[in-house]
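Both ligands and their constituent atoms are indexed starting at 1 by order of listing.
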Amino acid sequence: MLGAEDYKKRRLAYLIEKGQPGEAVTAKGWVRTRRDSKEGFSFIELNDGSSMKNLQIFVDKTVPGYEDVVKHLPVGASIAAEGELKESPGKGQRIELVAKSITVYGTADPETYPLQKKRHSFEFLREIAHLRPRTNTFGAIARVRNAAAFAIHSFFQARGFMYVNTPIITTSDCEGAGHMFQVTTLDLAKLAQLKNAKGEFEVDYTQDFFGKKASLTVSGQLEAEIFATSLGDCYTFGPTFRAENSNTSRHLAEFWMVEPEMPFTDLEGNMDIAESFIKTVVTEVMTKCAEDLDFFNQWVDKTVIETLTSIRENRFERVSYTEAVDLLTKSGKSFEYPVSWGIDLQSEHERWLTEEHFKKPVILYNYPRTLKPFYMKCNDDGKTVRAMDILVPRIGEIIGGSQREENLETLKQRMAEWNLPEAEYWWYLELRKYGTVPHAGFGLGFERLIQLLTGMTNIRDCIPFHRTPKNAEF
Ligand code: 4AD
Ligand code: MG
């Protein structure tokens with residue numbers, strides 16, 4: 001059986017970084033380029049996704065199959081190169097592999113293989129999402145996603161938070177916004193036959209799989225609150241689903257969310273941990289994926305490293321919704337959506353605050369109660385709730401959170417305001433009936449974090465396979 005180190009040694013990143021001249025190795029991967037020299041040798045650039053760099057393979061005419069196979073190896077072919085590492089005399093790499101033999105697993109017809117050596121548009125690559133992880137950009141995005149996910153778990157584990165898995169199928173709408181995908185096993189073609197006692201058309205959900213109307217979750221928060229009020233600080237990190245018909249560069253129908261929930265914590269404690277969370281994850285990814293970030297900085301967004309450095313080093317600005325509305329109205333800027341107290345801030349407003357005015361992340365708090373979900377704690381002014389959103393340059397809202405309403409009566413009032421039936425949230429209400437405590441939490445959109453880290457403009461490129469209106473390919 002292979003040990004952990006053995007697995008690492010199978011990857012080209014390991015050979016490129018740590019391989020020693022004289023070592024006998026076998027390198028496996030996909031051909032990125034091949035250059036032939038008239039003097040009877042070729043260079044193959046091999047990549048296996050473990051790093052941005054390729055391993056250079058030197059193959060000369062003494063290698064079996066040189067004329068017939070090696071000199072015809074197309075871009076995209078999968079091969080194993082067996083040989084010895086040597087110090088590379090050429091520029092650009094420390095070592096190269098001098099091949100003794102080449103084994104071809106699979107070729108790739110150059111007439112049809114879409115990833116030839118030229119730049120492709122991100123729109124085109126979205127159509128071939130099964131091959132795009134083989135490109136520099138999408139390999140780097142995948143590595144950043146991986147490093148960010150690991151950093152997120154480390155952040156919480158280091159602080160004693162428990163990782164909990166909340167359900168994906170649910171019968172309660174956490175955000176109360178009605179943007180849910182229904183889950184059913186009812187035969188849609190026969191729905192019209194479902195009639196109530198009066199002979200009217202009415203779906204009888206007692207006949208459905210769960211015996212009542214069920215959907216895909218929009219957030220794991222309500223269930224995370226159960227664990228927070230039993231076991232203490234906890235977090236979820238899982239897929240969430242929203243059937244909003246928004247065709248924007250920041251919305252997905254399926255996205256991943258990180259949701260910590262903390263008892264004995266108020267709004268300020270929530271802001272503190274959210275700020276330190278973003279800073280820690282950014283710092284970690286900057287260290288672990290330095291090469292990938294250099295690539296994004298060069299080819300995707302020339303300001304990405306500068307932005308991340310400034311996020312890491314500056315205290316986030318904290319302003320109330322009321323102050324922000326004041327700043328926006330006095331800005332003299334003409335926005336597409338005019339600003340007044342009580343409006344839902346649009347992306348253009350959020351971006352003005354974080355990009356133009358403060359030029360750093362901004363935590364907006366105390367929003368009008370009419371704008372935010374039922375579970376947020378009401379302030380004594382009767383007008384605002386203890387909500388907080390974190391806005392970052394280029395993206396706008398990356399985190400949404402709040403202190404939760406822990407008072408049973410106030411929570412019931414809020415549910416009535418939103419026309420939410422108490423019966424469906426009976427268990428949520430019981431958390432306030434038995435041993436209620438002040439508590440708070442937030443949700444970070446994982447793909448928006450990846451947008452921030454990579455400088456990619458479209459969120460559809462920040463998840464392996466995007467689900468958006470009219471698209472669920474792959
Ligand atoms: O602000 P939201 O809706 O908050 C919640 O769902 C709370 N229950 C979280 C909590 O307090 N535990 O969503 C949280 C974050 C947003 O700030 C955004 O980053 C991301 O989730 N998000 C989306 N990301 C991609 N596509 C969408 N359609 C998104 N909707 C929200
Ligand atoms: Mg929000």
Side-chain angles (χ1 to χ4, degrees), residues 148 152 156 161 164 166 170 172-181 216-228 233-262 265 267 269-271 273-274 277-278 281 321 344-347 349-350 354 361-365 367-368 371-377 385-392 394-405 428 439-453 456 458-463 466-469 471:
I152 286 165
F156 289 119
F161 282 57
V164 297
T166 49
T170 177
S172 39
D173 180 357
C174 171
E175 296 305 292
H179 296 307
M180 301 186 86
F181 286 101
L216 296 177
T217 190
V218 295
S219 159
Q221 176 197 323
L222 304 189
E223 292 89 352
E225 285 186 49
I226 297 178
F227 277 79
D233 298 338
C234 66
Y235 67 105
T236 71
F237 185 178
T240 49
F241 308 86
R242 295 198 184 175
E244 303 164 271
N245 201 359
S246 349
N247 262 307
T248 79
S249 59
R250 348 177 283 153
H251 287 89
L252 292 165
E254 176 179 299
F255 63 100
W256 287 65
M257 203 174 0
V258 182
E259 297 183 89
E261 193 67 36
M262 298 144 293
T265 300
L267 186 66
N270 202 24
M271 294 192 222
I273 191 154
F277 171 63
I278 291 187
V281 172
Y321 170 90
D344 209 354
L345 295 181
Q346 302 294 316
S347 171
H349 309 133
E350 296 177 344
T354 171
V362 179
I363 311 185
L364 284 190
Y365 61 92
Y367 280 73
L371 294 180
K372 293 289 185 184
F374 72 99
Y375 54 72
M376 295 192 177
K377 184 165 176 63
V385 285
R386 313 207 79 195
M388 62 126 195
D389 277 7
I390 302 191
L391 319 177
V392 293
R394 280 200 322 102
I395 292 154
E397 178 190 342
I398 195 167
I399 277 183
S402 72
Q403 186 172 337
R404 318 305 188 191
E405 184 53 72
Y428 191 68
H439 62 291
F442 63 85
L444 164 99
F446 188 52
E447 286 72 23
R448 292 200 186 163
L449 173 71
I450 303 303
Q451 275 189 287
L452 177 71
L453 291 167
M456 295 294 290
N458 198 316
I459 198 166
R460 296 168 191 210
D461 298 325
C462 294
I463 187 162
H466 70 277
R467 272 80 183 93
T468 45
N471 182 77

Show the atoms of ligand 1 that are less than 4.0 angstrom away from any heavy atom in [X].
X      : answer
Ile399 : 17 (O)
Arg250 : 25 (C), 26 (N)
Gly445 : 15 (C), 19 (O), 20 (C), 21 (O)
Ser219 : 6 (O), 8 (N)
Gly400 : 1 (O), 9 (C), 10 (C), 11 (O), 17 (O)
Gly401 : 11 (O)
Glu244 : 28 (N)

[X] versus [Y]: any side-chain heavy-atom pair under 4.5 Å?
X      : Y      : result
Ile450 : Trp256 : no
Met257 : Gln221 : no
Leu364 : Leu345 : yes
His466 : Asn471 : yes
Val258 : Phe277 : yes

Shortest reach to atom 29 (C) of ligand 1 by a heavy atom, considering only Tyr375, Phe255, Phe442: Phe255
Of the listed options Arg404, Glu397, Arg242, Gln221, closest to atom 17 (O) of ligand 1 (non-hydrogen atoms): Glu397
Exercise: identify the closest heavy-atom pair between Met271 and Ile363: SD-CG2, 3.7 Å
Nearest atoms (heavy-atom pairs only) where Thr170 meets Leu216: CG2-C, 4.1 Å
Phe227, CZ atom: more than 12 neighbouring heavy atoms under 6.0 Å: no
Any Glu447 heavy atom less than 4.0 Å from ligand 1: no
Test item: side-chain donor near acceptor, Gln451 and Glu447, under 3.5 Å: no
Check: Tyr375/Glu225 side-chain N/O donor and acceptor closer than 3.5 Å: no
Specify the protein heavy atom at minimum distance from [atom]: its residue, its atom name, and the distance to 0.1 Å.
atom                    : answer
atom 12 (N) of ligand 1 : Glu259 OE1, 2.7 Å
atom 18 (C) of ligand 1 : Arg448 NH1, 3.5 Å
atom 15 (C) of ligand 1 : Gly443 O, 3.6 Å
atom 28 (N) of ligand 1 : Leu252 O, 3.0 Å
atom 19 (O) of ligand 1 : Ile398 O, 2.8 Å

Parallel, tilted or perpendicular: ring planes of Tyr321 versus Tyr367, cut at 30 and 60 degrees: tilted
Which atom of Glu397 approaches the Mg ion (ligand 2) most closely (N/O/S): OE2
Are any of the N/O atoms on [X], whether in the backbone or the side chain, positioned under 3.5 angstrom from an N/O atom of ligand 1?
X      : answer
Met257 : no
Glu175 : yes
Val218 : no

Candidate pair Phe181 and Phe241, rule ring-ring contact (aromatic ring centres under 6.0 Å, His included), full reasoning: CA-CA 7 Å; Phe181 286 101; Phe241 308 86; 7.1 Å; no
Short N/O/S contact of Asp389 with the Mg ion (ligand 2) (below 2.8 Å): no
